[in-house]
2 protein chains.
Amino acid sequence: MTDLLPPIQTTARDDAVLKALAGFVRQEALGPGEKLPTERILAERLKVSRNTVREALTRWEGLGLVERRQGSGTYLKAAVSPDMLHMPLTLAGGNDFAGLMATLEIRRALESEAAALCAIRAGEAELAEIERKLDLMEEAFQTRAGMSSDEDWEFHQAVFRASGNPLFEQIIAAMYEMFHRFWEHPLGVRDFGHASFPYHRTIFNRIAARDPDGARAEALKLIATVEDDLKRGAANLKLSDRR
Amino acid sequence: MTDLLPPIQTTARDDAVLKALAGFVRQEALGPGEKLPTERILAERLKVSRNTVREALTRWEGLGLVERRQGSGTYLKAAVSPDMLHMPLTLAGGNDFAGLMATLEIRRALESEAAALCAIRAGEAELAEIERKLDLMEEAFQTRAGMSSDEDWEFHQAVFRASGNPLFEQIIAAMYEMFHRFWEHPLGVRDFGHASFPYHRTIFNRIAARDPDGARAEALKLIATVEDDLKRGAANLKLSDRR
DNA sequence: TGCAGAAATTGGTTGGACCATTGAACCACT
DNA sequence: AGTGGTTCAATGGTCCAACCAATTTCTGCA
């Protein structure tokens with residue numbers, strides 16, 4: 001199956017290995033979840049050392065393109081194409097308040113634009129899906145008497161997906177880890193995110209009414225309430241002087 | 001909900017190496033440009049194989065934190081702290097028209113928000129810097145009778161930088177490569193980007209007037225002109241049936 | 001047939017060797 | 001003194017061969 005892995009000859013080995021591998025993945029039409037050749041096999045076919053193969057794979061692993069499972073193999077985690085765009089974002093001091101506010105500003109930018117696009121482009125099916133997530137969220141809100149981060153997240157994801165631009169979801173998903181970290185430890189603010197609840201419904205209403213500017217405005221309001229909560233949380237932290 | 005239970009890592013040498021290195025960098029107060037210990041020394045001090053050190057450094061290199069120069073050493077490229085947030089983002093797709101439009105929508109989201117933040121937060125020094133870039137751009141426009149992508153880019157970069165949020169610049173910088181690719185081959189549209197020229201000045205004016213909403217609106221207009229140019233270009237392509 | 005244990009597979013790590021590039025020290029010639 | 005080339009040690013890049021650890025697959029017994 002692996003006869004189309006030509007030997008490497010130029011220097012810049014590891015880069016060449018990645019290029020060859022990308023070509024291989026495309027030729028074999030490998031998708032996410034599928035297993036790719038063994039390190040030893042790659043080394044042999046490409047006529048490079050296994051160490052070089054490992055460095056190349058380490059790069060891809062760092063980019064989240066690939067997952068290695070000891071004893072099992074190396075698996076594709078995302079679609080891979082020769083002309084991919086890599087953007088390693090690094091935010092210093094990930095745990096502090098400023099870092100979270102920074103990501104929140106990105107989220108405000110993307111969320112408002114996505115809501116606007118959604119109002120223009122979402123089809124009936126997407127609209128129904130968003131409303132379904134909204135219902136689930138509201139139900140969880142009633143049952144547990146508070147915001148549920150999971151259902152909340154799914155609602156926003158549905159909006160991003162219906163925007164018709166996959167980049168929105170990809171970027172936000174990459175930053176989700178940071179949001180989530182704080183959602184679980186709401187800085188001592190009781191009912192964190194509570195204030196943002198009603199805006200989910202209003203955002204949906206503006207989208208369903210095909211009103212881009214209204215949707216954008218409601219999204220901005222929602223993020224504003226989250227920002228307020230965070231600022232209150234930061235104030236609390238300062239007062240109680242935790243850590 | 002079970003995100004708080006990360007899988008235990010029986011083996012995580014390279015990760016431990018990175019943690020140790022991050023601690024070392026902090027303790028020694030190393031900044032960008034400075035040289036860090038050689039691989040051999042690190043291997044000896046940390047009691048791990050040099051290969052393991054190399055894998056760890058390969059990760060950092062992939063994140064753009066470090067630069068390796070053969071025969072010279074390994075140098076810090078960015079500030080490094082033990083609790084950094086990394087968001088490796090790889091965006092699929094690229095060369096086709098739809099991909100470019102998708103990135104442009106991201107740019108619209110970020111550019112408008114950055115302009116608004118800039119109007120709120122930019123200090124006098126940043127404001128002066130933006131105006132300087134603007135003057136350079138307008139001069140280039142007069143001299144060469146057309147848009148100059150380099151000066152144009154520097155203007156936008158200055159705005160992003162003055163937004164006070166490093167993520168804006170990082171995300172856009174990563175996508176710049178994609179914009180640039182098309183700038184160089186303007187799809188057969190003569191005077192590509194020409195229409196966007198006046199909005200640079202109006203954006204600056206709104207920022208200088210501390211008018212966030214105005215700045216946001218002008219930024220939206222600028223992107224809209226670029227989108228129009230692209231659509232015209234795509235239509236041209238279709239007519240002449242290139243490739 | 002079912003399942004526990006052995007064997008093969010595969011990524012992770014090690015140590016040692018050599019190559020290619022860099023940069024500084026050195027030297028000869030002008 | 002200065003210029004240009006040479007030497008040489010330091011450093012990252014690659015390779016090899018072995019072994020470790022986790023996983024999967026096979027095997028043989030109950």
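So you know, we letter chains A, B, ... as the sequences are listed, proteins then strands, and number each from 1.
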Think R54(A) has a side-chain N or O under 4.0 angstrom from the OP1 or OP2 of dG12(C)? yes

Set of residues satisfying side chain to side chain contact (heavy atoms under 4.5 Å, CB included) with respect to Q27(B), sequence neighbours excluded: none

Sorted by chain and number, sequence neighbours left out, side-chain hydrogen bond (donor to acceptor under 3.5 Å, both in side chains) with R40(B) holds for none

Establish, with yes or no, whether the OP1 or OP2 oxygen of dC16(D) is under 4.0 angstrom from a side-chain nitrogen or oxygen of R50(A). no

Taking only residues two or more places apart in sequence or in another chain, which ones pass side-chain hydrogen bond (donor to acceptor under 3.5 Å, both in side chains) with S72(A)? Y75(A)

In plain terms, say whether K133(A) and E151(A) are close enough for a salt bridge, that is, a side-chain N and a carboxylate O under 4.0 Å apart. no

Those residues that, when tested against R50(B), pass side-chain hydrogen bond (donor to acceptor under 3.5 Å, both in side chains) (two or more places apart): E39(B)

Output all residues satisfying side chain to side chain contact (heavy atoms under 4.5 Å, CB included) with N51(B), sequence neighbours left out; order by chain, then residue number. N51(A), S49(B), R54(B)

S112(B): side chain to side chain contact (heavy atoms under 4.5 Å, CB included) partners, not counting sequence neighbours: R216(B), A219(B), L220(B)

Sequence neighbours excluded, the answer for salt bridge (charged side-chain N to carboxylate O under 4.0 Å, His left out) partners of D135(B) is R201(B)

Side-chain N or O of T52(B) closer than 4.0 Å to phosphate OP1/OP2 of dT14(C): yes

For a quick check, tell me whether the side chain of N51(A) and the base of dG13(D) share a donor-acceptor pair closer than 3.5 Å. no

For R69(A), check salt bridge (charged side-chain N to carboxylate O under 4.0 Å, His left out) against everything at least two apart and list the hits. E67(A)

How would you list, by chain and number, every residue that makes a side-chain hydrogen bond (donor to acceptor under 3.5 Å, both in side chains) with R161(B), sequence neighbours excluded? E169(B)

OP1 or OP2 of dG13(D) under 4.0 Å from side-chain N/O of R68(B): yes

Please work out which residues in residues 55-65 of chain A have a non-hydrogen atom less than 4.0 Å from an atom of DNA chain D and list them by number. none

Tell me which residues in residues 28-46 of chain B put a heavy atom below 4.0 Å from DNA chain D, sorted by number, or none. T38(B), E39(B), R40(B)

Closest to the 5' end of DNA chain D, once Q70(B) and G71(A) are matched to their nearest nucleotides, is Q70(B)

side-chain N/O S72(A) vs dT10(C) OP1/OP2, d < 4.0 Å: no

With axes from five pairs an end, tell me the bend angle of the helix from dT1(C)-dA30(D) to dT30(C)-dA1(D), nearest 10°. 10°

When you check the gap from the basic side-chain N to the acidic O, do E126(A) and R121(A) get nearer than 4.0 Å? no

